[in-house]
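Take a look at the structure set out below.
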Amino acid sequence: KAGVTQTPRYLIKTRGQQVTLSCSPISGHRSVSWYQQTPGQGLQFLFEYFSETQRNKGNFPGRFSGRQFSNSRSEMNVSTLELGDSALYLCASRKTEPYNSPLHFGNGTRLTVT
Amino acid sequence: AQSVTQLGSHVSVSEGALVLLRCNYSSSVPPYLFWYVQYPNQGLQLLLKYTSAATLVKGINGFEAEFKKSETSFHLTKPSAHMSDAAEYFCAVTISTGTASKLTFGTGTRLQVTL
């Protein structure tokens with residue numbers, strides 16, 4: 001069974017630009033979450049999508065947004081990039097039943113903002 | 001709000017020695033607890049999870065963790081370290097089914113295994 005797939009693996013952007021990251025969940029997983037990982041702040045929850053609806057949201061500015069498609073694939077977008085947005089962005093998927101199913105993570109997209 | 005504290009940002013053990021990585025949690029309701037491992041340039045891999053079924057949880061690669069409510073701890077152990085165990089380990093907590101995807105992670109412990 002294929003794992004969570006994130007594209008691209010690496011991305012370099014300049015300040016002020018916008019970026020879109022893509023995530024394909026494990027087949028049958030309908031919940032997709034996004035996390036940001038930085039050396040200073042560690043792993044922080046961005047948002048979760050289920051059935052094309054945002055279900056939970058972390059404490060990030062509105063420049064960070066996401067969406068989910070009917071096939072459960074998800075994208076996240078960051079607009080007006082800042083240097084501090086440089087991070088590893090991790091996507092994770094999970095089954096919604098049983099309720100305590102764990103998250104399965106992809107290998108991430110490393111975003112560098114110059 | 002729930003939180004986890006990982007004591008020791010770096011732990012070094014000899015190959016064959018006991019591995020003990022510490023995690024203490026704070027939660028006003030029964031928590032769900034997880035340990036994840038991250039190898040360089042990779043995402044997080046689930047090692048094991050506690051979801052109230054049993055206090056001693058066995059995971060992959062010979063790791064296990066024991067949930068101790070009285071100590072609010074969920075320490076990760078492995079009897080004999082292997083060179084391939086060198087990685088960063090994260091403890092994580094969530095508190096309800098409605099937020100099962102919203103994990104709060106600890107700051108991580110980097111495990112070094114020496115010959």
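Hydrogens, waters and symmetry mates play no part in the numbers below; they use all other heavy atoms, side chains included. Labels below follow one simple rule: chain letters A, B, ... track the order of the sequence lines, proteins then strands, and each chain is numbered from 1.
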Query raised in the report: Pick from A:Ser33, A:Gly42, A:Gly58: which one has the most heavy-atom pairs with chain B under 4.5 Å?
Result: A:Ser33
Report summary line: Most heavy-atom pairs under 4.5 Å with chain B, out of A:Cys91, A:Gly108, A:Pro102, belong to A:Pro102
Requested in this report: Using the side-chain contact (heavy atoms from CB on, under 4.5 Å) rule, pick out the option among A:Leu90, A:Leu111, A:Leu46, A:Val78 that qualifies with A:Gln36.
Outcome: A:Leu46
Query - Euclidean distance, A:Glu52 CD relative to A:Arg30 CZ, rounded to 0.5 Å - result: 10.0 Å
Requested in this report: Indicate the ring-plane relationship of B:Tyr50 and B:Phe67, choosing parallel, tilted or perpendicular according to the 30° and 60° boundaries.
Outcome: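 Aromatic pair B:Tyr50/B:Phe67 classed parallel.
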Report task. Return the orientation label for the A:Phe47 and A:Tyr49 ring planes: parallel under 30°, perpendicular over 60°, tilted otherwise. Result ->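 Perpendicular.
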Does any heavy atom of chain A fall under 4.5 Å from the side chain of [X], the backbone, both, or neither of them?
X       : result
B:Gln38 : side chain
B:Phe90 : side chain
B:Leu46 : side chain

Query raised in the report: Does a side-chain N-to-carboxylate-O contact under 4.0 Å join B:Glu64 and B:Lys58?
Result: yes
**Report entry** Pair A:Arg63 + A:Asp85, salt bridge at N-O below 4.0 Å
**Finding:** yes
Using non-hydrogen atoms only, which part of [X] is less than 4.5 Å away from chain B: side chain, backbone, both, or neither?
X       : result
A:Leu88 : side chain
A:Leu43 : both
A:Gln37 : side chain

